[in-house]
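When reading the values below, keep in mind they use all heavy atoms of this one structure, side chains included, and skip hydrogens, waters and symmetry mates. What you see is a predicted model, and the numbers here were worked out from it, not measured in a lab.
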Amino acid sequence: MFKKILIANRGEIAVRIIRACKELEIKTVAVYSDADRNAMHVMLADEAYHIGPPKPAESYLLKEKIIEVAKKSGAEAIHPGFGFLSENDSFAELCEKEGVVFIGPSAEAIRLMGDKITARKIAMKAKVPLVPGSDGAVTDVEASRVAEEIGYPVMIKASAGGGGKGMRLVNSEDEFEAALRMARSEASSSFGDDSVFVERFVQKPRHIEIQILGDKHGNVLHLFERECSIQRRHQKVIEEAPSGFISSKTRKKMGDVAVNIAKAVNYYGAGTVEFIMDQEENFFFLEMNTRIQVEHPVTEMITGLDIVKWMIRIADGEKLPFKQSSLKIKGHAVECRVYAEDPTMNFLPSPGTLQYIKAPAGPGIRDDSSMYSGYEITSYYDPMLSKLITWADTREEAIKKMKSALLEYIVLGVRTNIGFLIRVMDDEEFKKAEIDTGFIERHPELLNPQDIDNEPALIAAAMIMNNTISGDESVNGKATGSNWKLAARKMALRGSNEI
Amino acid sequence: MFKKILIANRGEIAVRIIRACKELEIKTVAVYSDADRNAMHVMLADEAYHIGPPKPAESYLLKEKIIEVAKKSGAEAIHPGFGFLSENDSFAELCEKEGVVFIGPSAEAIRLMGDKITARKIAMKAKVPLVPGSDGAVTDVEASRVAEEIGYPVMIKASAGGGGKGMRLVNSEDEFEAALRMARSEASSSFGDDSVFVERFVQKPRHIEIQILGDKHGNVLHLFERECSIQRRHQKVIEEAPSGFISSKTRKKMGDVAVNIAKAVNYYGAGTVEFIMDQEENFFFLEMNTRIQVEHPVTEMITGLDIVKWMIRIADGEKLPFKQSSLKIKGHAVECRVYAEDPTMNFLPSPGTLQYIKAPAGPGIRDDSSMYSGYEITSYYDPMLSKLITWADTREEAIKKMKSALLEYIVLGVRTNIGFLIRVMDDEEFKKAEIDTGFIERHPELLNPQDIDNEPALIAAAMIMNNTISGDESVNGKATGSNWKLAARKMALRGSNEI
Amino acid sequence: MTYTFKLKNQVYKVNIEEDEDINIVEIDGEQKEIRFTKVDSNLYSVIIDNESLTIGIFKKGKKIQVFYKGDLFEIEAISDRDGSKAGGPGTGLEIMSPMPSRIVKILKEQGDKVEEEEPVVVVEAMKMESELKAPSTGKIKEIKVSEGDTVEEGTILVTLSPE
Amino acid sequence: MTYTFKLKNQVYKVNIEEDEDINIVEIDGEQKEIRFTKVDSNLYSVIIDNESLTIGIFKKGKKIQVFYKGDLFEIEAISDRDGSKAGGPGTGLEIMSPMPSRIVKILKEQGDKVEEEEPVVVVEAMKMESELKAPSTGKIKEIKVSEGDTVEEGTILVTLSPE
């Protein structure tokens, strides 16, 4: 087994990977940007190296520098997490060239699946149903023509995209031009490539995906499905496993198909085959993510497998010791992504210093986070505060547990989506699993409810006005957050500490 | 199902019960002493009532007052947790008389099992092997005679005892008198009853116990065993399920016997039958605890059952929907009790204000705690900071996970046993499950190790002396802890807020 | 002492009296007993009659933010004079930056007519582009920023004049 | 600047120099680069060369407490004068209360001879009784408390005179 691994990432996924390494008795090497000197992944790792300024392009995306740190520190392998270099085939290639193991699939598999158009072709060959759409990247004129042909609503998607960036839903012709412009602009700034394609928008679509695990000996298994239909801005917010909707027959069919796609590219490591599904359980291939995914914990909870540990073991050449038939679903798991954002303002990010944060705990509750009181959420990176996961015997119990856990979550200093998530857990349609990716848009009352109990707020306000309690200590610099700021300022004065 | 439950307890077990209630959509009523106004169980409950000064005898042990609060608040049932009134048959009786459901077994079952001598007789009748010893409470003279007869080492135990209080191991005749005096004195101050009995001390004994769950319809099941052999001052510190030692044959035999004892007293609710076991897997009945136990989480982790929720459902009259044959052990769980105590001073409690506390989190980690930064550990109550539980596929992985989690635990402001627990997880004998209740005494090097890396400590000291960093902010009253103290002082000035 | 608050465009009056050991609050004509204790800098455990809540409280000038059960409430304390004229600043005739962001595109020019909800500015923050829309129908009075500018939370980007 | 520390009865010398942006520490003849940043009041993230640690630090007069990896280290800063005579107060000829507790029983009287490790006082704290034992062989010089007294941490209960 590896003795030391470098984690080329930050935030909760870096923390998640470091924890897995520690449990495997592997030493961990963190890298960090100027903005992350205080980050939890730095604190938890055995070693930490500074790699540059906050902007990802000048730190977390520096392939050569990261490999240089790996070699300097004696790390034998690199885990890329998600985002950043995780789906960058040239980084995987460079690792191989430099004699460092890339913990993920082959560069070839990343390349094939990374381009959506090639991926569609592979899926087609593997006889997986596809959503009707343009046959690859299109010019503005072609895009408009294809949209006309397949009929509105249509989706515009960045060819190099992922995570909702460079993606736009267009309901009618007159919206098309503006949407195309913004999609291209986002695609360009996010991926450095403004090519897009167009496809039919499936009505009331569900997002269902299959977790894949393959080893370097040709074994590929699936760990069942996750349903991630609750999305905002085309990004997943609530995920669960198993889906509360699909039949075991569909589950098996999707699993088989996903394994076939993975085998078509000699896949090893963890990966996810994403499908869009209509309300009649027809499913269409969306894309394959060739990396660990944000929502992997729900699958871990229902299978008892540690996917991150298996990625490491697979990279080390280990054979998967279990067979498809020995894998069983136990219970139900739900994940909520707790964000620093304002649901009343269309989920606008809300950066700031976490004056106080207290996560829920107890049986069946898992909090994957890299936050602590005093930590500052900057606008450089994703404003996710935590992935809160609950597990219980049944979907109903897992949802009740999630509601109870969310009610315990205290976050002061930034706006969060916690209240919104609580209301989703209470929603009758959600409880009945009557969900699709339009769920949030259909339920504006969950974002900004009118019937909320505001009496305690008024009482608290009266107490503060009466000077019975003081609410402005943060201003006096006594609070943790402000101490942190002081330290940060001191740091800044001392200059950065480059390696 | 009940609409509202009163929790007649404090600390982590009160928090644990409140969480279970919330997930069952039952409203919760907390009671609190002056020392607990800031306690987490008060913050998490839906309602909270003050019941008296810090001393348990003047608050948490006030049967009538607690029942009065239950009635006033409309609570239909009372969960007693462990300790306090949990094994008080007259409280269970009073509840029944006043029309409030006692969440636990019948007053009769508590009474029969509460007296160790009666319990021994019941066990004898059920043909459970017993440790040789005195036939009930003894005078000083009889005690000495019995000790001679059965041969040293002997144990002196309080008849009304539990949790190691009023318990003394005596290795030879000349220690006997002093030990007897101290056992009686502790028994008297802890239980108001100084009667003791004497029994043979089993060499290299393991502590193995069986978790019982029975309903009001005559069904009694066991949820397998827990091994709790790692003890200090006769109190469990590390528990695990299943035992890393016993064979499945012994497991079955112990389970059957435990169910038999429970059935002999028409037991319902959750209970634990405790055994002492020698290194040849011979086991002897110790006692039955007629309540939820501190270490119940390890059983929950390997069975997937929520014991506290089942206690509530059983009290409500629900039938157990599963059979013994459908219960299976999945994986392995370890629990460490994190205490505010000083292992280098024979585990002396270390009260004080928690200036900072950060619990580990992530997959397979459960932290059952009622602590937060700024909370004060008083000397009124047990100094337990947390029950940290890890679950993994195998015992080896669960232990590695525990070590990794303990290394993440940060507690500032009091002394803790965390370093000691980390060293146990690294101990070769512990890893091989070669343990018994004398483990800690045999391993003084785990308490006060000599080969520890103290370089970072010296570097930190140099930085502080150089005023590079400041280590005395707590003195200036800026830290959370001191803010808390200020608030507490203000509280005290304002007088208590009795109902 | 009686205070007047504005919360989500509704006005409330709350009376609070400090008794010997507890506070009595009158709200909506109902009296409640309040017991509270501090947990952390801006965090309090509050018992209203016997209902227990953990509440985060911040004060920023006349604005008070209160957090509990996952939601943040923003309350404005209004003195009696303010109360009578109501409204005050923030007339709804401006487009503010809701967070630190970069101005990607300005879609209108000074003097342009805009409909309510019509996009006026495109900003980027945390790698997401968002359109900021006109709060009401009117004319663009002044554009205070340029494309490429980086702005703080609360910066007024564009002012409108009513039609 | 060089500091002398006592830790578990061993004396160490540590030299620290503040460079432009990092600190250089010399310990056991080895030089290390130290980078640190504050996490909370008494909590620091420290990188020693490239080894990362999260360290809690408290200063109480000349005593320094450092916490990491589950253990608490107690360090005494000694000036050069102290260094030469060594030892200082706490001669091992007294029995101190290790925590706030109640005196249950005093087992010896003034003038009694005691062996090392012989129980002298029984105290109760957090419902547990503990025996406090003689740190060395000697005679009971003075008993400073009575049965039933409540004492603070660090209170000297009994003093001994060497034999």
Side-chain angles (χ1 to χ4, degrees), chain A residues 12 15-16 18-25 40 43-44 296-297 300-301 304-309 330-331 356 358-370 372-373 386 389-393 397-405 407-408 410 469 473 476-480 482-483 487, chain B residues 12 15-16 18-25 40 43-44 296-297 300-301 304-309 330-331 356 358-370 372-374 386 389-393 397-405 407-408 410 469 473 477-480 482-483 487:
Chain A
E12 68 82 21
V15 168
R16 168 75 184 86
I18 290 168
R19 283 173 174 156
C21 289
K22 290 199 177 220
E23 292 171 24
L24 292 169
E25 295 178 331
M40 212 203 277
M43 285 192 262
L44 287 188
H296 74 275
E300 295 184 325
M301 301 301 273
L305 296 174
D306 188 312
I307 297 173
V308 175
K309 283 189 190 170
K330 187 175 160 79
Y356 191 90
K358 183 161 196 339
I365 289 170
R366 170 175 166 187
D367 178 59
D368 275 25
S369 166
S370 62
Y372 57 83
S373 298
S386 155
I389 304 114
T390 58
W391 178 91
D393 254 358
E397 272 197 84
I399 290 172
K400 283 183 186 168
K401 195 185 272 287
M402 179 59 81
K403 181 189 166 187
S404 169
L407 281 165
E408 268 192 47
I410 300 176
I469 57 178
E473 287 192 28
N476 302 338
K478 281 187 197 165
T480 323
S482 305
N483 281 339
Chain B
E12 68 82 21
V15 168
R16 168 75 183 85
I18 289 169
R19 284 173 173 156
C21 290
K22 290 198 178 221
E23 292 170 24
L24 292 169
E25 295 178 330
M40 212 204 278
M43 285 191 262
L44 288 188
H296 75 275
E300 295 184 324
M301 301 301 272
L305 295 174
D306 187 313
I307 298 173
V308 175
K309 284 190 192 171
K330 186 175 161 80
Y356 192 90
K358 182 159 196 341
I365 289 171
R366 171 174 165 186
D367 178 58
D368 275 24
S369 166
S370 62
Y372 57 83
S373 299
S386 155
I389 304 114
T390 58
W391 178 92
D393 253 359
E397 272 196 85
I399 290 171
K400 284 183 186 170
K401 194 183 273 286
M402 178 60 80
K403 182 189 165 187
S404 170
L407 280 166
E408 266 192 48
I410 300 175
I469 57 177
E473 287 192 27
K478 282 188 196 165
T480 323
S482 304
N483 281 339

Looking at chain A, which one of A361(B), S369(B), S404(B) has the largest number of heavy-atom pairs inside 4.5 Å, strictly under? A361(B)
Among the listed options M402(B), E12(B), R16(B), the residue most often paired with chain A at heavy-atom distances under 4.5 Å: R16(B)
Region of [X] that comes under 4.5 Å of a non-hydrogen atom in chain B:
X       : answer
P363(A) : both
E25(A)  : side chain
R19(A)  : both

Under 4.5 Å from any heavy atom of chain A, what part of K401(B) do you find: side chain, backbone, both or neither? both
Can you tell me which of K358(A), K400(A), M301(A), M43(A) forms the most heavy-atom pairs within a distance under 4.5 Å of chain B? K400(A)
Under a 4.5 Å heavy-atom cutoff, which of E300(A), K309(A), E408(A) has the most pairs with chain B? E408(A)
Donor-acceptor pair, K22(B) side chain versus L44(B) backbone, under 3.5 Å? yes
Quick one: does W391(B)'s side chain have a donor or acceptor within less than 3.5 Å of a partner on K330(B)'s backbone? yes
Nearest heavy atoms of [X] and [Y], plus distance in Å:
X       : Y       : answer
D393(A) : G304(B) : OD1-O, 4.2 Å
A398(A) : T390(A) : O-OG1, 2.9 Å
V15(B)  : S370(B) : CG2-CB, 3.8 Å

Measure the CD1-CZ distance between I365(B) and R366(A) for me, rounded to the nearest 0.5 Å. 9.0 Å
